[in-house]
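Atoms within each ligand, like the ligands themselves, are counted from 1 in listed order.
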Amino acid sequence: MATTIGIMVGSLREHSYNRMIADTIPELVDSAQYEFISIADLPLYNADLDREESPESVKRYREAIQQADGIIIVSPEYNSGIPGVLKNALDWASTPTKTAVLIHKPAGVIGATPGVKGTILSQQQIRQTLDAVQSYVMPFQKMYISQAMEKVDPESGKLTDETTRRYVQRYVRSFIQWVDQVQQMNGQ
Ligand SMILES: Cc1cc2nc3c(=O)[nH]c(=O)nc-3n(C[C@H](O)[C@H](O)[C@H](O)COP(=O)(O)O)c2cc1C
């Protein structure tokens with residue numbers, strides 16, 4: 001069966017560059033299946049809401065992660081770090097502590113910015129959070145996209161820069177192999 005990859009975007013902006021890059025992934029590597037996992041309707045994390053009967057949006061979100069073989073996060077950097085909406089979403093996926101859906105889940109991180117430093121700082125924090133949740137973040141490749149506005153086409157809403165398309169394609173192909181390796185390690 002084809003690997004199912006959940007794609008999570010760390011920006012809620014309508015014309016988000018990160019969303020455009022995420023939306024391009026399925027056409028770059030068609031050997032996997034993709035599910036886009038929405039974080040927009042999650043409430044702010046509140047342990048009082050995090051009971052057996054959690055909010056519907058949280059249930060849907062956790063189920064979507066559960067069903068994916070691996071998760072790729074495509075996110076901007078805000079104030080030298082992880083966007084609050086994404087941290088909130090990862091916190092919701094980190095509980096209940098012993099059965100959280102991100103535990104032992106393979107994860108990849110891609111980030112795009114109109115700036116020149118490619119979301120390095122944001123990705124460090126995303127990796128740190130995924131580490132805390134015991135996800136297996138692909139260790140050997142990084143995907144930093146700078147000057148994103150020159151690499152996408154706002155009309156089609158897709159990543160159009162050929163070199164970057166090749167890099168993302170290579171990253172996603174490696175990620176599929178990483179999912180296989182982690183599944184073997186997990187005895188799946
Ligand atoms: C509150 C805020 C803080 C930002 N901080 C950074 C930053 O630290 N580093 C960076 O590269 N870009 C920063 N930016 C610019 C974002 O990279 C830019 O808005 C980008 O387009 C957001 O990603 P998106 O297009 O996917 O929404 C910041 C933007 C906002 C709104």
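- A side-chain donor-acceptor contact under 3.5 Å links S135 to the backbone of L102.
- With hydrogens and angles ignored, the 3.5 Å screen pairs no side-chain donor or acceptor of D153 with any backbone N or O of K158.
- Ring geometry for H104 against Y136 counts as parallel: the plane angle stays under 30°, on a 0 to 90° scale with 60° as the upper cut.
- Within a 6.0 Å sphere centred on OH of Y45, heavy atoms belonging to other residues, nucleotides or ligands number more than 12.
- Separating the CD atom in E77 from the CG atom in L86 is a distance of 12.5 Å, to the nearest 0.5 Å.
- Contacts of ligand 1 (protein heavy-atom distance under 4.0 Å) are S11, R13, S16, Y17, N18, P76, E77, Y78, N79, S80, T113, P114.
- Clustering ILVMFWY residues whenever any of their side-chain heavy atoms sit less than 4.5 angstrom apart, transitively, puts L12 in the very cluster that holds L90.
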